[in-house]
Amino acid sequence: MLQQLPKRPFQLPPPPLSAVNTLTIPPPQTDHIFEHTKDNKQLCDLLLSLTRSRSLPKGLQLHAHFIKSGLQSIPLVSHHLINFYSKTQLPLHSLQVFDESPHRSATTWSSAISSLAQNELPLIALELFRRMLGEGLKADDHIYPSVTKSIAILGRIDAARCVHGLVVKTGFECGVFVGSSAIDMYAKCGETRDARKLFDEMPEKNVVSWTGMIAGYVLLGEDEEALRLFKQALVEDLDVNDFTFSCVVRVCGNSTLLELGRQIHGLCFKTSFDSSSFVGTSLVSLYSRCGIIEGAYRVFKEIPIKNLGLWNAMLIACAQHAQTDNAFALFEQMVSVGVKPNFITFLCLLYACSHSGLVEKGKYYFELMKEYGIEPGHQHYASMVDLLGRAGKVQDAVLIIEKMPIKSTESIWAALLTGCRIHGNTELASFVADKISELGNVGSGLHVLLSNAYAAAGRWEEAARARKMLRDQGIRKETGLSWVEDGNKVHTFTSGDWSHMRTKEIYRKLEELGEEMERAGYVADTSYVLKRVDGEEKNQTIRYHSERIAIAFGLITFPPERPIRVMKNLRVCGDCHTAIKFMSKCSGRVIIVRDNNRFHRFEDGKCSCGDYW
DNA sequence: ATAGGGTTAG
């Protein structure tokens, strides 16, 4: 491990001293009831209970009393005061108590560093840590977790290795506390391999170590490793907790592994972790992402104490499934039970409006944000531009961009271009594209949109140039994939895929259904193919888009009453959308397609999105 | 005394 350390120790930027200087001192008045209590121990106990109940006003009064009576200089008292301000989220007060305390014990240092780390002031925490080492003091296994947490917040791998080296030198690396927090630190710095090495080397591990490792894998998208480790924990009959479940259910949600997710839901039920709001949040998201909105509602209703995240997850679920009115009702409900909405809540609402074309409602929520003291971020502006653009009010969208106080981002431009594309506003699209091109430094996602915008306007040279830039950056347009789950197996298809075992049957089904669809009035619309290809070729490309193959597979595999759930990584093209409506009508099946941002539930020739997507 | 928390966008 030591060899991996960087040659030079990392340098930290100075802490924001200005923040330290603006400290507010505890109020001058003490409560007279403290005067009657002579016993220091009793006062300390009182402070402890105030810490537990986070009663800030009383604590401030008690602090003032300690100052007045000169008790603050007792190490135990200052230690408790530092902890009190840590829990009441006033880390700079902690720091001040620390600075004023004349006799500092190891616990004084430790609690001060912890307070800063817990309250998101990692740089000041690390500065204090450095001061401590500078004074010749030795760090111990109580201090390291706070130090590693600070580095985890910063995500600095160089600092992580440096501190790890220090830990190794002092011989604390194998302890459960230091080890577990170092695992978390490495994962947050993007290094699961270092984390795993540490994990494997620990002689003793607990729930936090295991969960930390699993969560690390999830964080960095190494889903299979996460599931493998989780399985190992189950096989070895080790402790798992709500956080562990929340992590693995999230993995299932990310990859829409419905069957596995259901099994794990069963385990949550057995261990009664299913009533945890964190697990509930992951479960709601799982069922929603797998197209089962009813399941999401069921889980949501069963959670006794609903936190903000759970409400948000349910709101997103409603938005994704075009249950807009439910989303609005949920919002009213959450406000009425006293849950304070945050910026994500409003993103969900705007997202819901955008999916139903509710411009006025969207404007209303956009304004409402400010009443809750939330400044709209670039995501909210992107959402508004998306909403207006989709609803055909592209000019209003441009106005929003011109008037907003922040710099436009890629997502905002992308939303505008999408609006232009949907409404065939090729002129504005190519104008916007020029503007974006001038800005330079365009990300991969935008190049695709730029190229499409130019192509739609017939500006083939610019379109080609945008494509070339994509290639030069080594980025290729994401391959369109569709997948269907059958039991514990996932079948994935690309466009024109011939690799599946049952390919022949699949294409026979497509041919057969195609004829029936044409008799029912389906006409292929090839205008969605932007590449310059011949008519017949266009027709072929579009007929075998991956989602159609996946649906055909579902048709020949699943029993008639079972809805066919298809997941897709890209947007459904207009022609496929029409085609799938006919497919649902001609086959009498329910077909649910999740594209890259929402759900389409096709039934009897109609789609739940109401053709607005 | 000390370690871990989700959700959204083209």
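No experiment lies behind these values; they were computed from the predicted model shown. In what follows, chains are A, B, ... by sequence order, proteins preceding strands, each numbered from 1.
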A/Arg250 side chain: which of B/dG10, B/dT7, B/dG4 is closest? B/dT7

Of the listed nucleotides (B/dA9, B/dG5, B/dA1), which one gets closest to any side-chain atom of A/Tyr351? B/dA9

Go through B/dG5, B/dG10, B/dT8 for me and flag the one nearest to the A/Lys188 side chain. B/dG5

Can you tell me if the side-chain N/O atoms of A/Lys87 get under 4.0 Å from OP1 or OP2 in B/dA1? no

Under the 6.0 Å and 45° cation-pi test, does A/Arg298 pair with A/Tyr287? no

Show the numbers, then the answer: is there a ring-ring contact (aromatic ring centres under 6.0 Å, His included) between A/Trp311 and A/Phe331? CA-CA 8 Å; A/Trp311 285 99; A/Phe331 177 71; 9.7 Å; no

Taking atom CE of A/Met404 and atom CD1 of A/Ile412, what is their separation to the nearest 0.5 Å? 3.5 Å

With no hydrogens and no angle check, is any side-chain donor or acceptor of A/His80 less than 3.5 Å from a backbone partner on A/Val77? no

Using a 4.0 Å heavy-atom cut-off across all strands, classify A/Asn83 as base, sugar-phosphate, or nothing. nothing

Contact list for DNA chain B against residues 205-222 of chain A - heavy-atom distance below 4.0 Å: A/Asn206, A/Val208, A/Thr211

In this structure, how many angstroms lie between the P atom of B/dA1 and the CZ atom of A/Phe84, rounded? 18 Å

Where the side chain of A/Phe278 is defined as all heavy atoms beyond and including C-beta, which of B/dG4, B/dT7, B/dG5 is the nearest nucleotide? B/dG5

Do we see a donor-acceptor contact under 3.5 Å between the side chains of A/Asn83 and A/Ser86? no

Which is true for A/Ser111 with a 4.0 Å heavy-atom rule: it touches a base, it touches only sugar-phosphate, or it touches nothing? nothing

Could you state the atom-to-atom distance from NZ of A/Lys340 to C1' of B/dT7 in whole Å? 17 Å

Does NZ or CZ of A/Lys306 come closer than 6.0 Å to the centre of the six-membered ring of A/Phe300, within 45° of the ring's axis? yes

Please give, in whole Å, the distance from B/dT8 C1' to A/Asn312 CG? 9 Å

Of the listed nucleotides B/dT7, B/dG4, B/dG10, the one nearest the side chain of A/Ser285: B/dT7

When you measure only distances, ignoring hydrogens and angles, does the side chain of A/Asn241 come within 3.5 Å of the base of B/dG4 through a donor and an acceptor? yes

At under 4.0 Å between heavy atoms, what does A/Ser282 touch on the DNA or RNA strands: base, sugar-phosphate, or nothing? nothing

Is A/Leu310 touching bases, backbone alone, or none of the nucleic acid, heavy atoms closer than 4.0 Å? base

Give a yes-or-no answer on whether the side chains of A/Tyr297 and A/Glu302 include a donor-acceptor pair shorter than 3.5 Å. no

Just by distance, no angles: are the side chains of A/Asp386 and A/Tyr351 close enough, under 3.5 Å, to form a donor-acceptor pair? no

What nucleotide, of B/dA9, B/dG4, B/dG10, holds the atom closest to the side chain of A/Phe243? B/dG4

Which of the following nucleotides, B/dT8, B/dT7, B/dT2, is nearest to the side chain of A/His142? B/dT2

Have a look at A/Ser246 and say if it touches a base, only the backbone sugar-phosphate, or nothing, with a 4.0 Å heavy-atom cut-off. nothing

Pair A/Thr107, A/Ser110: side-chain N/O donor-acceptor within cut-off below 3.5 Å: no

Could you give the CH2-to-P distance, from A/Trp311 to B/dT8, as a whole number of Å? 18 Å

By side-chain hydrogen bond (donor to acceptor under 3.5 Å, both in side chains), which residues pair with A/Asp184, not counting sequence neighbours? A/Lys188

Rounded to whole angstrom units, what separation is found between the CG atom of A/Leu308 and the P atom of B/dG5? 16 Å

Value in whole Å for how far the P atom of B/dG5 lies from CE of A/Met185: 15 Å

If you check the A/Gln320 side chain, which of B/dT8, B/dG5, B/dT2 turns out closest? B/dT8

Within residues 342-349 of chain A, which residues have any heavy atom lying less than 4.0 Å from an atom of DNA chain B? A/Ile344, A/Leu347

Would you kindly give the CD-to-P distance between A/Glu410 and B/dG10, to the nearest whole Å? 14 Å

I need the CD1-P distance between A/Ile153 and B/dG4, as an integer number of Å. 8 Å

Please work out if A/Asp242 contacts a base, only the sugar-phosphate, or nothing of the nucleic acid, heavy-atom cut-off 4.0 Å. base

Taking the minimum atom-to-atom distance to the side chain of A/Arg289, which one of B/dA9, B/dT7, B/dT2 wins? B/dT7

Would you call A/Glu201-A/Lys197 a salt bridge at under 4.0 Å N-O? yes

Are A/Tyr144 and the base of B/dT2 stacked, counting only ring centres nearer than 5.5 Å and planes tilted under 30°? no

